[in-house]
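This report concerns only the one structure given below.
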Amino acid sequence: MTVRAAVAGASGYAGGELLRLLLAHPEVEIGALTANSNAGQRLGALQPHLLPLAGRVLQETTADVLTGHDVVFLALPHGQSAAVAEQLGPDVLVVDMGADFRLRDAADWERFYGSPHAGTWPYGLPELPGARAALEGSKRVAVPGCYPTAVSLALFPAYTAGLAEAEAVIVAASGTSGAGKAPKPHLLGSEVMGSMTPYGVGGGHRHTPEMIQNLSAAAGEPVSVSFTPTLAPMPRGILATCSAKARPGVTAESVRAAYEKAFADEPFVHLLPEGQWPATASVTGSNAVQVQVAHDPAAGRVIAVSAIDNLTKGTAGGAVQSMNIALGLDETTGLPTTGVAP
Ligand SMILES: NC(=O)C1=CN([C@@H]2O[C@H](COP(=O)(O)OP(=O)(O)OC[C@H]3O[C@@H](n4cnc5c(N)ncnc54)[C@H](OP(=O)(O)O)[C@@H]3O)[C@@H](O)[C@H]2O)C=CC1
Ligand SMILES: CC(=O)N[C@@H](CCC(=O)OP(=O)(O)O)C(=O)O
């Protein structure tokens, strides 16, 4: 099978990572590449690491340019995908890497994103219960946010196995590429290097309702989430430290057994051997997820930690994994599971 794929937002971080992965995908031929203010530029001027595509010229992001492909990836800012997607035919697979179609609750969308809700598409986190079935054959995919990917994978087994009360406390550190390429004063090297600081504290981060959606579905009841993101002085990676109150009778053995069962057949999620903890460097450039879990009997809590690359499993790798499932390809096709270390 040869799949012709267009990438809208090819000049951005998510689009660049997607192209890096698509260049190594044996079934994909790369078609139109589009941007906004950078339309007309050579890709090589903006993404110099993508040597085989250096001479390609970025086009305007219009339905005309994106039509005629089997798959269209949208790596655009929030709120920009819906207008483009509605002009693409129902037979084209559209994979949205932005947030527009992730949330089921329109009120949550309007509260956190401040615009009308565009709808809900099958959710591209295949490891969640029931997600693969919804993705198979689908022509629309909503790729999750990077923090919800890391957090949902760390905690859902505790909820599906009934080990945890319906409350979770999460502190996650992200590399700066999570904020995109557009210049922002708080992302200046002199602000970020050698320092860490939280943001979106107190329930204000827009990924909170997405985490609640995923964890509540796993628990079968509403889960409250306290989420504190932190900016870390590194270009890529997320380390999510998550905990939830353990239900009575939970032991270290029952926690371990639940996580071993949840991830036994997962090609990308590695439950580390006991005593070894996730590290962002181990998954840099990889679609792999490292997870470790512990029971703290004194505090009565289950602690789960995950590491992902925000641009790979957290965005572009998750998008390719979901595309593979939607098209009936082997889920792992073209996706690296090795990191770049040190
Ligand atoms: N970075 C990350 O870790 C993650 C990102 N995502 C999502 O992926 C999407 C892209 O993010 P990211 O790559 O980081 O952002 P960037 O700012 O790096 O890139 C944005 C891209 O969108 C283009 N663009 C901007 N405005 C418009 C517009 N009005 N119409 C069409 N194209 C436009 C830009 O083109 P130009 O260069 O010409 O301005 C650029 O190609 C976002 O929705 C983001 O939430 C999801 C998970 C993680
Ligand atoms: C470090 C940093 O700023 N990260 C981004 C999250 C990036 C991401 O995954 O989210 P979306 O796809 O929802 O934009 C943030 O906190 O807004």
Side-chain angles (χ1 to χ4, degrees), residues 6-20 32-43 45-47 57-63 65-66 72-85 87 95-103 109 112-113 118 124-125 141-152 172-184 186-187 191-192 196-201 204-211 227-240 280 308-319 322:
V7 177
S11 52
Y13 281 147
E17 179 69 353
L18 176 67
L19 289 169
R20 184 180 75 86
L33 307 180
T34 79
N36 187 38
S37 58
N38 282 307
Q41 297 270 350
R42 275 187 327 107
L43 190 72
L46 299 155
Q47 309 276 25
V57 174
L58 292 164
Q59 296 177 269
E60 297 281 349
T61 304
T62 65
V65 170
L66 296 171
V72 175
F73 290 94
L74 302 175
L76 307 175
H78 303 310
Q80 299 293 332
S81 302
V84 178
Q87 298 178 67
V95 181
D96 183 22
M97 294 155 75
D100 296 28
F101 298 97
R102 293 174 189 158
L103 293 180
W109 172 271
F112 282 88
Y113 292 87
L125 192 52
V141 174
V143 179
C146 49
Y147 286 121
T149 295
V151 168
S152 305
S174 172
T176 53
S177 62
K181 252 190 194 180
K184 298 173 190 88
H186 74 284
L187 295 177
E191 304 289 330
V192 173
M196 283 184 70
T197 189
Y199 62 102
V201 183
H205 196 280
R206 64 185 190 286
H207 285 170
T208 306
E210 202 180 326
M211 293 174 193
F227 170 53
T228 306
T230 310
L231 198 59
M234 55 189 187
R236 288 173 180 240
I238 288 180
L239 188 74
T280 55
I308 62 167
D309 185 322
N310 56 296
L311 289 176
T312 319
K313 179 59 176 168
T315 313
S322 295

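Each ligand, and each atom within it, is numbered from 1 in the order the structure gives. All values below were derived from every heavy atom in this structure, side-chain atoms included, with hydrogens, water molecules and symmetry-related copies excluded.
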Point to revise | Glu17 versus Thr312, side-chain donor and acceptor atoms under 3.5 Å | key: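 Per modelled atom types, Thr312 and Glu17 side chains form a pair under 3.5 Å.
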Exercise for review: Assert yes or no for the condition that the ring centre distance of Phe112 to His205 is strictly below 6.0 Å.
Suggested key: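 Judged by ring-centre distance (under 6.0 Å), Phe112 and His205 do not meet the cut-off.
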Exercise for review: Apply ring-ring contact (aromatic ring centres under 6.0 Å, His included) to Tyr113 and His78, showing your working.
Suggested key: CA-CA 8 Å; Tyr113 292 87; His78 303 310; 5.4 Å; yes
Just to confirm my output: which protein heavy-atom neighbour is closest to [atom], and how far is it?
atom                    : answer
atom 15 (C) of ligand 2 : His205 NE2, 3.4 Å
atom 14 (O) of ligand 2 : Arg206 NH2, 2.6 Å
atom 3 (O) of ligand 2  : Ala179 CB, 3.3 Å

Check your understanding: Passes side-chain contact (heavy atoms from CB on, under 4.5 Å), Arg206 versus Arg102? Steps please.
Key -> CA-CA 11 Å; Arg206 64 185 190 286; Arg102 293 174 189 158; 5.8 Å; no
Please could you name the atoms of ligand 2 that [X] approaches to less than 4.0 Å, counting only its heavy atoms?
X      : result
His78  : 11 (P), 12 (O), 13 (O), 14 (O)
Gly175 : 1 (C)
Leu231 : 1 (C)

For ligand 2, which is the ligand I care about here, please tell me if [X] has any N or O atom under 3.5 Å from one of the ligand's N or O atoms.
X      : answer
Cys146 : yes
Gly178 : yes
Tyr199 : yes
Tyr147 : no
Tyr113 : no

Is a side-chain donor or acceptor of [X] paired with a backbone partner of [Y] at a separation under 3.5 angstrom?
X      : Y      : answer
Lys181 : Ser11  : yes
Asp100 : Gly79  : yes
Thr61  : Ala8   : no
Ser177 : Pro235 : yes
Arg236 : Asn310 : no
Lys184 : Ala179 : yes
Gln59  : Ala39  : no
Gln47  : Leu19  : no

Review point. How far does OG1 of Thr315 sit from CG of Leu18, to the nearest 0.5 angstrom?
Key: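 Rounded to the nearest 0.5 Å, the OG1-CG separation comes out at 9.5 Å.
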Point to revise | Stepwise side-chain contact (heavy atoms from CB on, under 4.5 Å) check, Val143 with Asp96 | key: CA-CA 6 Å; Val143 179; Asp96 183 22; over 6 Å; no
Using a heavy-atom cut-off of under 4.0 Å, does the side chain or the backbone of [X] touch ligand 2, or both, or neither?
X      : result
Thr176 : neither
Ser174 : side chain
Arg102 : side chain

Check your understanding: If you count only heavy atoms, which residues are under 4.0 Å from ligand 1?
Key ->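 Residues within 4.0 Å of ligand 1: Gly9, Ala10, Ser11, Gly12, Tyr13, Ala14, Ala35, Asn36, Ser37, Asn38, Thr61, Ala75, Leu76, Pro77, His78, Gln80, Met97, Gly98, Arg102, Cys146, Ser177, Gly178, Gly180, Lys181, Ala182, Asn310, Leu311, Gly314, Thr315.
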Practice item. Work out whether the distance between some heavy atom of Gly180 and some atom of ligand 2 is less than 4.0 Å. Key: no
Practice item. Counting heavy atoms only, name the option from His186, His207, Glu210 that's nearest to atom 13 (O) of ligand 2. Key: His207
